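Heads up: the structure comes next, in structure tokens.
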Number of protein chains: 2
Amino acid sequence: MQADAVLRDLAGYRLKRAFAVIQADLQRVLAPFGLRMIPFSALLVIARNPGIGQGQLAAALAMERSNLVAPLDALARRDLIRREPVPDDRRALALMPTPAGTALADTAFEAVRAHEARLLADVSPEDLAAMARVSAAIEAAETREAAE
Amino acid sequence: MQADAVLRDLAGYRLKRAFAVIQADLQRVLAPFGLRMIPFSALLVIARNPGIGQGQLAAALAMERSNLVAPLDALARRDLIRREPVPDDRRALALMPTPAGTALADTAFEAVRAHEARLLADVSPEDLAAMARVSAAIEAAETREAAE
DNA sequence: TATTGTTATACTCTATAACTATA
DNA sequence: TATAGTTATAGAGTATAACAATA
């Protein structure tokens, strides 16, 4: 009997442990690309949504605009993205992937997918789908509470 | 279509979002008890495993011994736990819950469970069981990789 | 030599407030 | 007044190295 048996009754604790493992794994996969989880997510979303604004990107990634500035600076320094002026609104900046950025986003995404597939090889598709439903339900619950 | 649609193909990203929501929730539930996630976990494991050592506790919580010192100091300051000398090994300290610590652990645990039940009210028991299996599989995969 | 608890340190992620320039 | 991006800052969590006391 493990000492932390009682904690395993809590979904929050199980999620924490699982996330810690998968994130550590993700970091190992992304390291060769010079990316961490947040820059990778940002680059991928920009590559798939060219012209997205920083505020929209922050909302998509569920993080604060202010915490996105440094990661985007780093991506821009590596010429993976560009911040282009928006004619209609001179406050806003449109985030555009460079060709190198698009290519890296695609390559890294496939590497992550392949690695996840290996990590989850023993998990049935049904269980994975169930986990996706649970995650969605948890996020929906947050929205519900925020509305209260 | 959401801007982060592509990220939702990644189990790691879904887990990150779900964990963030459930952790924020957990913090709200634990705040009235003056506890955060780590002190709560530590107190609960000590209450259920009186006499456990700090190294064992760190292993049970999957964290470094050094990062446990401050939280345990805080619990001891509130007289929720005591660090007692171990006769056989004068290096070691046995972590013992006080009556107040045991009571708080039980109360807080029930509060967390009740709140999780509410949060997961719309999720079927089958899906929850599936999620537990997926979490276990992910942790097992870590053990497998560590052995390589 | 190895282990227990500890200290110090550094890095990442996160949250908040306040600033600027626009709207 | 409000919004987009930015800066500064503080807190929590995590990881590593090194130390004293003990095994």
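A note on names: the letters A, B, ... follow the listed sequences, proteins ahead of strands, and every chain is numbered from 1. Owing to the predicted nature of the structure, the values given are computational and were not obtained by experimental measurement.
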Can you check the [X] [atom1] to [N] [atom2] distance for me, whole Å?
{"X": "A:Arg36", "N": "C:dC11", "atom1": "CZ", "atom2": "C1'", "value": "8 Å"}
{"X": "A:Leu61", "N": "D:dG5", "atom1": "CG", "atom2": "P", "value": "13 Å"}
{"X": "B:Arg90", "N": "D:dA20", "atom1": "CZ", "atom2": "P", "value": "18 Å"}
{"X": "A:Ile38", "N": "C:dT12", "atom1": "CD1", "atom2": "C1'", "value": "8 Å"}
{"X": "A:Met37", "N": "C:dC13", "atom1": "CE", "atom2": "P", "value": "10 Å"}
{"X": "A:Phe19", "N": "C:dT12", "atom1": "CZ", "atom2": "C1'", "value": "12 Å"}
{"X": "A:Met63", "N": "D:dT6", "atom1": "CE", "atom2": "P", "value": "13 Å"}
{"X": "B:Gln23", "N": "C:dT14", "atom1": "CD", "atom2": "C1'", "value": "10 Å"}

Any salt bridge linking [X] with [Y]? Criterion: basic side-chain nitrogen under 4.0 Å from a carboxylate oxygen.
{"X": "B:Asp4", "Y": "B:Arg17", "value": "yes"}
{"X": "A:Asp106", "Y": "A:Arg48", "value": "yes"}
{"X": "B:Arg14", "Y": "B:Asp9", "value": "no"}
{"X": "B:Glu139", "Y": "A:Arg8", "value": "yes"}
{"X": "A:Arg113", "Y": "A:Glu116", "value": "no"}

Of the options B:Leu104, B:Leu44, B:Leu26, which is the one that meets B:Leu35 in a side-chain contact (heavy atoms from CB on, under 4.5 Å)?
B:Leu104

Kindly give the atom pairs (protein nitrogen or oxygen, nucleotide nitrogen or oxygen) under 3.5 Å for nucleotides 3-7 of chain C.
unit_1 : atom_1 : unit_2  : atom_2 : d
C:dT3  : O4'    : B:Arg91 : NH1    : 3.4
C:dT3  : O2     : B:Arg91 : NH1    : 2.6
C:dG5  : OP1    : B:Gln54 : N      : 3.2
C:dG5  : OP1    : B:Leu93 : N      : 3.2
C:dG5  : OP1    : B:Leu93 : O      : 3.3
C:dG5  : OP2    : B:Gln54 : N      : 3.4
C:dG5  : OP2    : B:Gly55 : N      : 2.7
C:dG5  : N7     : B:Arg65 : NH1    : 3.1
C:dT6  : OP2    : B:Gln54 : OE1    : 2.9
C:dT6  : OP2    : B:Gln54 : NE2    : 2.7
C:dT6  : OP2    : B:Arg83 : NH1    : 3.1

